[in-house]
Trainee: 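Handing you a structure now.
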There are 2 protein chains.
Amino acid sequence: MREDTRTRIQEIALRLFTEQGYEATSLREIAEELGVTKAALYYHFKTKDDIVASLADLRVAEVEELLEWARTQPRSPETRREVVQRYAEALRRPRYMEVARFMERNQTALRDHPKIVRIREAMLELVNEMSDPDDPLPLRIGRSLSLFALHAGKWMPHEESVSEDEVLEASLEVALRLLEP
Amino acid sequence: MREDTRTRIQEIALRLFTEQGYEATSLREIAEELGVTKAALYYHFKTKDDIVASLADLRVAEVEELLEWARTQPRSPETRREVVQRYAEALRRPRYMEVARFMERNQTALRDHPKIVRIREAMLELVNEMSDPDDPLPLRIGRSLSLFALHAGKWMPHEESVSEDEVLEASLEVALRLLEP
DNA sequence: GTCTATACCAGGATAGAC
DNA sequence: GTCTATCCTGGTATAGAC
């Protein structure tokens with residue numbers, strides 16, 4: 001019982017977009033891996049952008065929910081820690097990290113994509129919720145950086161001895177420390 | 001006495017590549033702003049990639065020099081602080097920050113570009129110089145993040161009242177704090 | 001040395017046949 | 001649900017005008 005074509009297109013596209021870049025990946029390439037012509041893809045997705053939209057969907061929901069939750073909470077140290085921890089949890093869910101990586105690596109190419117814009121705006125709002133305007137600048141920057149720190153594993157030299165989960169755990173520790181003065 | 005065409009191409013390209021993305025910016029667009037045909041660009045630059053190379057040159061030299069210097073120094077807290085401070089200085093030099101932004105936003109598109117690869121590898125080496133392999137993981141991640149923290153201004157909501165220089169100054173403070181346990 | 005005209009090929013997109 | 005044919009745009013290459 002093999003997956004349906006639509007899902008397979010998403011999987012192949014996500015992998016290729018991340019590895020080679022969004023624009024560098026042609027629909028012909030995706031179609032070839034799938035064993036069809038590129039025109040066939042247009043049956044399943046209206047445009048190349050539409051494939052991106054389907055990939056972004058998961059993260060849109062995740063980030064906007066987190067933002068909505070944060071807005072119902074008081075601006076306290078506990079809330080900030082909770083936001084960072086919830087974001088770290090989200091990153092552990094299947095495919096979330098992959099989608100995040102794909103988006104990070106293709107920022108400009110996806111700049112005007114509606115779904116991507118929503119994610120970016122929600123992330124900025126979230127960062128906004130982490131500080132008061134009259135907090136000292138270094139503290140505000142540290143807090144902005146905290147959410148981002150969870151993606152910092154990338155700049156670590158890859159080592160066999162350290163798992164992705166351990167890196168995320170350690171990144172979370174760094175992120176939490178960035179919240180405090 | 002206006003600048004020469006080559007320099008104007010670089011300026012227009014850097015701006016458009018950063019604003020719209022590398023692949024999203026066509027040579028025709030650049031040529032039009034300049035008031036020539038796209039073929040004319042090929043007199044000044046062999047390929048589109050070649051424009052990127054000319055933009056990356058400045059940063060290649062800067063980063064590789066910093067790496068070479070770091071390697072002559074002992075792995076001490078002072079060296080680490082000095083590396084971060086020198087990197088922050090580099091970011092203040094004209095056009096360096098712009099080139100850095102352009103590169104960050106077009107990671108995948110420029111993935112295989114030789115000059116960009118050199119910059120990325122030098123940055124990774126530099127991060128490597130900041131820690132010992134047996135330092136605790138969170139410390140290593142914090143130190144990896146420190147150089148990156150200097151670019152963190154981007155995630156700050158833009159405010160009229162805060163200058164780019166103040167943001168960089170505050171980011172430097174955050175970066176230096178990330179160096180210590 | 002600086003540029004235009006023109007042509008080529010690859011990639012995204014669409015229409016219509018099966 | 002998939003294919004063929006076709007169109008448009010973009011990067012590249014070259015010949016030649018000034």
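Excluded from the calculations below are hydrogen atoms, water molecules and symmetry mates; all remaining heavy atoms, backbone and side chain alike, are included. A note on names: the letters A, B, ... follow the listed sequences, proteins ahead of strands, and every chain is numbered from 1.
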Trainee: Is it true that B:E19 and A:R111 make a salt bridge, defined as a side-chain N closer than 4.0 Å to a carboxylate O?
Mentor: no
Trainee: Any side-chain heavy atom of B:R95 within less than 4.5 Å of one from B:Q10?
Mentor: yes
Trainee: Which atoms form the tightest heavy-atom contact between A:E173 and B:P138, and what is the distance?
Mentor: OE1-CG, 3.4 Å
Trainee: How close or far is atom C1' of D:dT12 from atom CG of B:L41, stated in whole angstroms?
Mentor: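 In whole Å, D:dT12 C1' lies 12 Å from B:L41 CG.
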Trainee: Taking only the side-chain nitrogens and oxygens of B:Y43, find out if one of them lies under 4.0 Å from OP1 or OP2 of C:dT2.
Mentor: yes
Trainee: Please state how far atom CD in B:Q20 lies from atom P in D:dG10, giving the value in whole angstrom units.
Mentor: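 After rounding, the reported distance stands at 11 Å.
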Trainee: Where the side chain of B:R28 is concerned, which of D:dG10, C:dG11, C:dC3 is the nearest nucleotide?
Mentor: D:dG10
Trainee: Hey, does the side chain of B:H44 come within less than 4.0 Å of C:dC3's phosphate (OP1/OP2), counting only N and O?
Mentor: yes
Trainee: Where the side chain of A:V36 is defined as all heavy atoms beyond and including C-beta, which of C:dT2, D:dC3, D:dG10 is the nearest nucleotide?
Mentor: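 Within the option list, the nearest is D:dC3.
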Trainee: Rounded off to whole Å, could you give me the CZ-to-P distance for the A:R6 and D:dG1 pair?
Mentor: 11 Å
Trainee: Indicate yes or no: at least one non-hydrogen side-chain atom of B:F148 is less than 4.5 angstrom from one of B:V127.
Mentor: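 Side chain of B:F148 against side chain of B:V127, heavy atoms only: no contact under 4.5 Å found.
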Trainee: Calculate the interatomic distance between A:L27 atom CG and D:dC8 atom C1'; express it in whole Å.
Mentor: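 Rounded to whole Å, this separation is 15 Å.
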Trainee: When you get a sec, tell me which of C:dC3, D:dC3, D:dA13 is the closest nucleotide to the side chain of A:A39?
Mentor: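 Among C:dC3, D:dC3, D:dA13, the one nearest the side chain of A:A39 is D:dC3.
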Trainee: Do B:M130 and B:V84 pass the side chain to side chain contact (heavy atoms under 4.5 Å, CB included) test, and can you show the C-alpha distance, the side-chain angles, and the key distance before you say yes or no?
Mentor: CA-CA 10 Å; B:M130 307 280 275; B:V84 169; 3.8 Å; yes
Trainee: Can you tell me how far C1' of D:dT9 sits from CD of B:E32, to the nearest Å?
Mentor: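 Taking atom C1' of D:dT9 as the reference, CD of B:E32 is at 13 Å.
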Trainee: Return the value, rounded to whole Å, for the distance between atom OH of B:Y42 and atom P of D:dA13.
Mentor: 7 Å
Trainee: Would you kindly compare B:K46 and A:T37 by the position of their nearest DNA chain D nucleotide and give the one closer to the 5′ end?
Mentor: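 Going by which nucleotide is closer to the 5' end, it is A:T37.
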Trainee: Would you mind telling me which of D:dG11, C:dG11, C:dT6 lies closest to the side-chain atoms of A:K38?
Mentor: C:dG11
Trainee: Would you mind reading off the distance between B:I9 atom CD1 and C:dC3 atom P, rounded to a whole angstrom?
Mentor: 8 Å
Trainee: Could you check A:E23 against B:A40 and say which one's nearest nucleotide on DNA chain C is further toward the 5' end?
Mentor: B:A40
Trainee: Using the side-chain heavy atoms of B:K48, tell me which of these nucleotides is nearest: C:dG12, C:dC3, D:dG11.
Mentor: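 Closest of the options to the side chain of B:K48: D:dG11.
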Trainee: Tell me: CG of B:L34 to P of C:dT4, nearest whole Å?
Mentor: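 It is 10 Å, rounded to the nearest whole Å.
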